[in-house]
Amino acid sequence: MATVAYEHVSKRFGETVALVDFSLEIADGEFITVLGPSGCGKSTLLRLTAGLERLSAGTICVGGGRIDDLSPSERNVAMVFQNYALYPHMTVRRNIEFPLRMRRLARGERRRQAEQAAALLELSDYLERRPAELSGGQRQRVALARALVRQPALFLMDEPLSNLDARLRAGVRQYIRDVQRRLHVTTLYVTHDQTEAMTLGDRIVVMQRGRIQQVDAPVAIYERPANTFVAGFIGSPPMNLLPSVYSDGVLDIGGQRLPAPPGLRDRLTRQTRELTIGIRPEAFVPTLPDMTRALIAVPHAATMEITGAETLVRGHVGPCEVTMRLGGVRREIPDRLATSLDQAHVFGDTGERLTP
Amino acid sequence: MSRRRTTLVLLALGVATLDLLPLALILKQAFTPERESFAWPPTWWPHEFTLDNFRTLGTTIELERGFWLSLGVAGLTVTSALILTLPAAWLAARRPRADRPLDAAMIVARLFPTIALAVPLAALFVSVGLYNHPAGLGLWLAHTLLAIPVAFLVLRTGFRDVPAELEDAARLDGASACGAFLWVTLPLVRPSLAAAGILVFLVSWDEFAYALLLQVTNRSLPPLLYYLSAFGYPGLASAVAAIMLVPALAIIFVLEPALRSGTLSGSGR
């Protein structure tokens, strides 16, 4: 249980740069999820924190003390691996006791703590089994117990749910959250699954190509994505990103000319600029009070997908494809759907967010 | 039984017969009087059972000394070859950059026929006092040279099957690099270790060229066997061969359980 601080951490593998100038402060007991596509540097971040790779630059502090020059065994950092990495030749009991044995704890104390951790994770009945005799979910819990048993300062998780089948995943996710809250252990959780990131994290770190794109609370990331990458990455289906041209207070989106929202007008000069307009699929509705100031999309009824809770339909705004989402089962799709630009996210020509 | 299966069984029996026939013949000759070995037409079933060959051996050659020399050299070779190749094989399995040079070194070591190396090696051993060494220490070094590539190839495959992630996990659980190797990796390569042990033992136990040229009076078993057959004592030679079979079978039976102990399943999903 400790605070964690990354300062200007970088990692290069020969020519390739895996992590660039990563700085982040994590509060004691905070649950941070690191989200990004494969190759974004999130696994590198974990391995650097664990001490399995050396930093190219920067420092990592845990609980106020530098750890980046310590060996993995001296860091008091525990990790749950994607494939669990249970020791197949040891029983569940021996697996959970292993970190304590390495710390030369007395036998009785070892036993007591291991049984306590096993009880916490509902593994008491499986202590004498070997990993091969357990189900995926049970192995996952053994990996958690082994990581938690020695009360680490920092808890690292590398996509721990990706090998579970979809039905189990939601349950284990909730479980991990509960255990983490109860033990109040600072956690860094890496995933490429936005649902996991959104539901687990106190804050989400969105990464791409080794760089932090945004650090914020889940809702804030959804409501105010910092750039077009985050906008397109979070949300399912993703946000529609439409190219547009701005000049003299007017936005041209796929041929539709609309007055720019006041908040945006203040931020832009009069001169012509290329912008990207981001609109969430759920922002489209059949009618708006003021249709003259609305952006109109024409749905293609043939592309309708009904999942039960919602109906997805594709359509277009001028030449641009858009995806729209309507609640519930819709048998009839209106000829046109509208959205107000007040709800739109506006991004500049380098992808950065312009709307407040 | 399906036709396909019948064919397979017949094929297996055929191979087994080809394999075991010479062995049966040797055992027959070992336990029958010498004149029966020369009988024509050859007899397939022993007419007369005797232990004479084994009794004669004791008086004609230094059997006991040869046996212990061979066993000692083979035991030392297994120990030294495994200890020397464990780190190398691990490195080759974990670090791709080390793999190719190590691989190349192992192949170069086996590039020359042993006979070609035996003579310069004998000259070298004469100058350092290892030639014809009573405990076979020179022979041991030469056998270690032969055994290293064998052990290396077997162990490297074994290490490759152990996920590096397990070693990472052990390091994070507080083990030192050595601790991770001893507690986690080594128990998981036990089957490969056993396989390497058996192969290396047999490499040394059966080795002939070095044994012939590096030891002149303190003979190990294979050269003794050679002299007995070369000078026309098939009964005695077969008796030596029968004796040589015992430790070879023993080590296979002792290490066989370890060979099957492999359980890598369950570490992951």
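Convention: sequence-line order gives letters A, B, ...; per-chain numbering from 1.
- Stacking of A:Arg130 on the aromatic ring of A:Tyr87 is not recorded, the 6.0 Å distance cut-off and the 45° axial limit not both being met.
- Contacts of A:Arg75 with chain B are absent, with no heavy-atom separation under 4.5 Å from either backbone or side chain.
- Contact count versus chain B (heavy atoms, under 4.5 Å) is highest, among A:Met79, A:Gln140, A:Arg103, A:Gln82, for A:Arg103.
- Heavy atoms of B:Ala170 lying under 4.5 Å from chain A belong to its backbone as well as its side chain.
- Side chain to side chain, A:Thr191 and A:Glu159 fail the donor-acceptor criterion of an N or O pair below 3.5 Å.
- A side-chain N or O of A:Tyr6 and one of A:Thr49 form a donor-acceptor pair less than 3.5 Å apart.
- Within the 4.5 angstrom heavy-atom criterion, no atom of A:Ala78 approaches chain B.
- Under the 30°/60° scheme for interplanar angles, the aromatic rings of A:Tyr189 and A:Phe31 are found to be tilted.
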